[in-house]
Amino acid sequence: MKPPVGFSSRRRLFPRLLLRRLTSSPPPPSAATAEFAELCRRHELPAAMAAMESLHRRGLRGDPVAYSELIKCCLKNNAAEDGRRVHRHLAGGGGSLLSMFLCNVLLNMYAKLGLAEEARKLFDQMPERNVVSWTTMISTCGEEEALNLLVQMIRDGVRPNMYTYSSVLRSCSDLQTLRGIHCPVVKAGLESDVFVRSSLIDSYAKCGDLPSGRSVFDEMSTQDLVVWNSLIGAFAQAGGTSESVAVFVEMRRAGFRSSEAALTSLLRACAGTAMLEMGRQVHAQAVKSDADLILHNALLDMYCKCGELAEAAAAFWRMCRRDVISWSTMIAGLAQNGRSMAALELFEAMKKAGPPPNHITLVGVLFACSHAGLVEEGQKLFWSMEQLFGIKPEREHHGCMVDLLGRAGKLEEALRFIMKMDCEPDTIIWKSLLGACRVHRDVGMATQVAKQILLLDPDDEGAYILLSNVYAGCNQWGDAEEVRRAMRDRRVKKEPGCSWIEVGKEAHLFVAGDKSHPQAEAIGKELDRLICRIADAGYLPDTIFVLHDLEREQKEEVLRYHSEKLAIVFGLMNSIEGKPIRVMKNLRICGDCHNFAKIVSKAENRRIIIRDPVRFHHFVDGECSCGDYW
DNA sequence: TTAGGGTTAG
């Protein structure tokens, strides 16, 4: 007899199962295995685990599909210990239950849970391996190991398929290797697979070869939304905002919908290059996706990275759901924009009403302390974070502490702190101390610290530059020149300083002293006029920031054409009165440009926002949000 | 049973 409409077998089984669980007499073997299978199928983890134990106690065994569902359920619930228990049960009794199929499922669980060692151990123990086993193993590995496994699998007579190549390609971090793998992919006729294609695009972008990524895309005959998004994401990651927008427009024209992933990538690109107007336009496209958390986190980040804190805060409080990334983004955004106290207040609110902080949240909070000179608060947090939040200080947190002490002029204390650290100091931590030596003009310690960095990395450009800055700042021109010579001898090049500004949704780039911009002549003239105007307001070029031993007049000339000055003048010339001037820099702002921007903000009655790689400077009415503490 | 696109710091 057929059940009545709407009365599915699933609905019928449930009360029977419940009844059985409530009664003490065990079900007959066939019913017990069926019950186990059903619990596994329904992913009821604790009940299925109990059913498995009970079955095995009675010497009974379940169906392979049931075990496979149970292992998948362990993975879904992140229940590694339960997964291991299933593994032990399957391996017990001579291991007869551990078929290649179930080994592969277990392998996948270990791999996805990040338990690489356990995955490897199981893989090594497998008497037989098929393409799924090899591919699963490859997907857990970095480039070198993935390539080794690929060679071994071919030697073992197992032919890689599109899944295998997709994983191998994704592991490539070196362009030559990537090209080497691309060849057999083409030979095997697998390039047209959309998964392989998106892996190729992502990996070419990651290896810095965007044109190759683009040509893989252009050769695509069947179109696929994810592949479009891969290309948008690839340009976004490389900082190519206008290119990623162009691909987005192209994609829409080709009839594809604008997905959340694509909009998120665009926002990331806008954030990376501080393209606020473009970001606002993407925001307008994103309004329909109210519930998408990742997209809204990216939106928040975009406003923070464009220095628009009021809009960031509005976006933050408007979100219908906020996760640890939303809170961390907002806290770091406030801190980087010189609003340390507000960052700390938000952290207090998070502790009361938000999700538990993670290690990145605490980096943001420590950053807030170090950039506001809140030494005691920072130290208190650092020493209590493990106890309060269960987060063991990592290298990044130690780096923040060195920064905190160094910025506050406690150089000896910072050095002692480094010496006592549990982890080995890396060049980033030493450079933080070297930066503090420069600010506080401690030539002796700077020399020692720079030596330490160059021992770790003899080609570290930053160490040479910072040390030569320290010498130049103390008028030790001979020493500064010697550092420069050492740099030349080792062929270490200084990255040229550049700034850019968005005008009419386009980025205009300026390199120090560069006259290639179409308006270069007019900008130069306007800069001269501006410098004359602000000279009356007290601007005097501070030549200490010129690193070469030049005559004063020459130094002034070098300073005059620092890229941020050119960008500010261009912004003044090309934007509506009253609109803030927003400049982005690849290097940290020099003291003279900082002073220049302060005076211009007052003299021209303009808000100027400069973002360097570490933080923001908001110049309003002759003052900077950093309080001259950077 | 194996592979794809999106968010935070340094």
Between A:K72 and B:dT2, is there a contact of a side-chain N or O with OP1 or OP2 at under 4.0 Å? no
Under-4.0 Å side-chain N/O to phosphate OP1/OP2 contact, A:Q336 with B:dG10: yes
Mind calculating the distance between NE2 (A:H87) and P (B:dT1) to the nearest angstrom? 19 Å
What does A:K112 touch in the nucleic acid at a heavy-atom separation under 4.0 angstrom: a base, only the sugar-phosphate, or nothing? sugar-phosphate
When all nucleic acid strands are considered with a 4.0 Å heavy-atom cut-off, which category describes A:L267: base, sugar-phosphate, or nothing? nothing
Donor-acceptor pair under 3.5 Å, A:D292 side chain vs B:dG6 base: yes
Give A:E394 one of three labels, base, sugar-phosphate or nothing, depending on what nucleic acid heavy atoms sit under 4.0 Å from its own. nothing
With sugar-phosphate meaning primed atoms plus P, OP1 and OP2, does A:Y165 contact a base, only sugar-phosphate, or nothing at under 4.0 Å between heavy atoms? nothing
Using a heavy-atom cut-off of 4.0 Å across all strands, would you classify A:V196 as base, sugar-phosphate, or nothing? nothing
A:W228: ring-ring contact (aromatic ring centres under 6.0 Å, His included) partners, not counting sequence neighbours: A:F217, A:F256
Closer than 4.0 Å, any side-chain N/O of A:K305 to the OP1 or OP2 of B:dA9? yes
Looking across every strand, which nucleic acid part, if any, lies under 4.0 Å from A:S68 by heavy atom: base, sugar-phosphate, or nothing? nothing
Round to a whole Å and report the spacing from CG of A:N104 to C1' of B:dT2. 8 Å
Quiz question: going by heavy-atom distance under 3.5 Å, is there a donor-acceptor pair between the base of B:dG6 and the side chain of A:N297? no
With heavy atoms under 4.0 Å as the rule, sort A:S199 into base, sugar-phosphate or nothing. nothing
Regarding A:S432 and A:D403, do their side chains bring together a donor and an acceptor under 3.5 Å, going by distance alone? yes
Check whether any side-chain nitrogen or oxygen of A:R268 sits under 4.0 Å from OP1 or OP2 of B:dG6, and answer yes or no. no
Find the distance A:L75:CG to B:dT2:P and express it as a whole number of Å. 10 Å
Figure out the CG/C1' separation between A:N337 and B:dT8, and round it to whole Å. 15 Å
Please report the interatomic distance SG(A:C400) to CZ(A:F367), rounded to the nearest 0.5 Å. 8.0 Å
Report the distance from atom CZ of A:F389 to atom P of B:dA9, rounded to the nearest whole Å. 19 Å
Categorize A:R170 for me: base, sugar-phosphate, or nothing, with a 4.0 angstrom heavy-atom threshold over every strand shown. sugar-phosphate
By the 4.0 Å heavy-atom rule, please label A:D193 as base, sugar-phosphate, or nothing. base
Donor-acceptor pair between A:S133 and A:N130 side chains, under 3.5 angstrom: yes
Figure out the CG/C1' separation between A:L366 and B:dA9, and round it to whole Å. 11 Å
With sugar-phosphate meaning primed atoms plus P, OP1 and OP2, does A:L295 contact a base, only sugar-phosphate, or nothing at under 4.0 Å between heavy atoms? base
Base B:dT2 paired with A:T135 side chain (donor-acceptor, <3.5 Å): yes
Given B:dA3, B:dG6, B:dT7, identify the nucleotide with an atom nearest to the side chain of A:S167. B:dA3
How is A:S259 classified with respect to the nucleic acid when contacts are heavy atoms under 4.0 Å: base, sugar-phosphate, or nothing? base
Ranking B:dT2, B:dG10, B:dA9 by distance to the side chain of A:I428, first place goes to B:dG10
Measure CG/A:L225 against P/B:dG6 and give the value in whole Å, please. 13 Å
Taking A:K585 first and then A:D612, would you say they form a salt bridge - that is, a charged N and a carboxylate O separated by under 4.0 Å? no
By nearest atom, which of the nucleotides B:dT2, B:dG4, B:dT8 is closest to the A:T329 side chain? B:dT8
Taking NZ, NE, NH1 and NH2 as the nitrogens, is one of them in A:R84 or A:E118 under 4.0 Å from a carboxylate oxygen of the other? yes
